[in-house]
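See below for the structure under consideration.
For ligands, and for the atoms within them, numbers begin at 1 and follow the listed sequence. Note that the structure is predicted; figures quoted are calculated from it, not measured.
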Amino acid sequence: MFDKSTWIRLPRNVVVGHGVLAELGDAVGELYLSGTPLVVTSPSPNRIVGDRVRDQLPDSETVVVEEASFDQVQKVIDAAERAEAGYLVGLGGGKPIDTAKMASDELDVGFVSVPTAASHDGIVSGRGSIPEGDTRHSVAAEPPLAVVADTEVIADAPWELTTAGCADIISNYTAVADWKLAQRLKGVEYSEYGGALSQMTAEMLVDNADLIRPGLEESAWIVVKALVASGVAMSIAGSSRPASGAEHLFSHQLDRIAPGRALHGHQVGVGSIMTAYLHDGPDGLWKDIRDALASLDAPTTAEGLGVSDEELLEALTSAHEIRDRYTVLGDGITEKAARDVAETTGVI
Ligand SMILES: NC(=O)C1=CN([C@@H]2O[C@H](COP(=O)(O)OP(=O)(O)OC[C@H]3O[C@@H](n4cnc5c(N)ncnc54)[C@H](OP(=O)(O)O)[C@@H]3O)[C@@H](O)[C@H]2O)C=CC1
Ligand SMILES: O=C(CO)COP(=O)(O)O
Ligand SMILES: [Zn+2]
């Protein structure tokens, strides 16, 4: 058996644009998959585009997931076994897509991603995340065989989901800075290609932040392309390092301390403001990150995330405990240092 952990695994067909949902049948047909397609979706995407998807996937079956949990992953596995599913189609935001991704990994069948919201880079990546239990960060999973992202549908999704996707990409700045730091201080393997690609997606988003506006389909297009590139960077690296540093540790810890208050992307965006400051000090990139987030209407403060100052400081001072990933937080920062950075950057 080969050691596939060293392989670069990428989607084969990535179809992004206006009305491309109509091309789903072709994009899947080209993959030579066989067996019953099982559509894994959640209530809103099912209502909005479920029938259009099913029309193109003859004899498909559907399972609706209510939340991202291991129970729901098992529900999908059971439905797939009953239907003798040949492959899974994740239709919706991160909840149904990651549930389908985790179930397809377990079942060892292919998986196709049809995002209806551009809320984070998990919609295209080979990383699976179910925010339950002890492991809040993503784990290795198979990337989708194809991604079909209809910008007409995504542009109609609630605007905050798009701004969360933007913030998840902007946070790549600090993720790459943490990755380089870990290479210098801990000898962590760094990929120049993975790092450069990830950094470029963040730069493009910050440079284009003024063009990203609600109701503009071009905005959805810019964000989805960036999410695809970020997913590719993670595949090149063979880890989430290009897109996940201390700002993600902070967000994962916030998910434990104050679950369900804010979207993943919004949390990592605020984390990124603070960890950029920790990297570069007062004259560094943190203001550019904050201003880009503010111009998108993404949160830049604890209040904007719906968390108290104390909850935010607790997450920042304990974030290093989340996983074995060296970042600018080292083996932890003091409460005073956390308060200083949060106050200086205006986060609290
Ligand atoms: N792999 C990774 O790296 C990561 C994965 N994740 C995963 O993603 C999940 C969160 O993703 P997120 O996208 O925020 O969650 P959801 O899939 O729950 O989507 C967020 C909300 O948007 C709604 N929605 C989706 N598309 C549309 C649309 N086109 N129009 C109107 N409403 C829409 C959903 O409605 P409804 O619920 O009614 O269907 C839901 O209420 C986490 O639980 C985790 O599993 C998170 C971070 C990273
Ligand atoms: O969200 C991610 C990248 O944007 C995945 O990162 P984690 O591995 O920290 O969950
Ligand atoms: Zn993320």
For the Zn ion (ligand 3), the nearest N/O/S atom on His248 is atom NE2

What do the steps show when you test Val89 against Ser60 for side chain to side chain contact (heavy atoms under 4.5 Å, CB included), and what is the final call? CA-CA 10 Å; Val89 178; Ser60 66; over 6 Å; no

We want to know whether Arg256 and Ser318 form a side-chain donor-acceptor pair, criterion being a heavy-atom distance below 3.5 angstrom. no

Does one side chain, of Asp255 or His137, offer a donor that lies under 3.5 Å from an acceptor on the other? no

Among residues two or more places apart or on two chains, list those pairs meeting side chain to side chain donor-acceptor pair (under 3.5 Å) that have a residue in residues 152-165. Thr163-His266

If the cut-off is 2.8 Å, does any N/O/S atom of Asp121 fall short of it from the Zn ion (ligand 3)? no

Close residues (non-hydrogen atom under 4.0 angstrom from ligand 2) work out to Asp121, His137, Ser138, Asp168, Ser240, Ala243, Ser244, His248, His252, His264, Arg323

Quick one, Lys225 and Val14 - any side-chain contact, counting heavy atoms below 4.5 Å? no

Please state the angle at the Zn ion (ligand 3) spanned by OD1 of Asp168 and NE2 of His264: what is it, rounded to 10 degrees? 100°

Partners meeting side chain to side chain contact (heavy atoms under 4.5 Å, CB included) with Asp55 (sequence neighbours left out): none

Write out the protein residues near ligand 1, meaning a non-hydrogen atom under 4.0 Å from one of its atoms, in order of chain and number. Ser42, Pro43, Ser44, Pro45, Ile48, Ala68, Gly93, Gly94, Lys95, Pro96, Asp98, Thr116, Ala117, Ser119, His120, Gly122, Arg127, Ser129, Pro131, Ala157, Pro158, Leu161, Leu263, His264

Flag for Asp178-His279: side-chain donor and acceptor within less than 3.5 Å: yes

Carboxylate-amine/guanidinium proximity below 4.0 Å for Arg82 and Asp78: no

Within the stated cut-off of 2.8 Å, is an N/O/S atom of His120 closer than that to the Zn ion (ligand 3)? no

Thr41 side chain vs Leu91 backbone, donor-acceptor pair below 3.5 Å: yes

Would the number of heavy atoms belonging to other residues, nucleotides or ligands and lying under 6.0 Å from CD of Glu311 be above 12? yes

Judged by modelled atom types alone, do Glu132 and Ser69 share a side-chain donor-acceptor pair under 3.5 Å? no

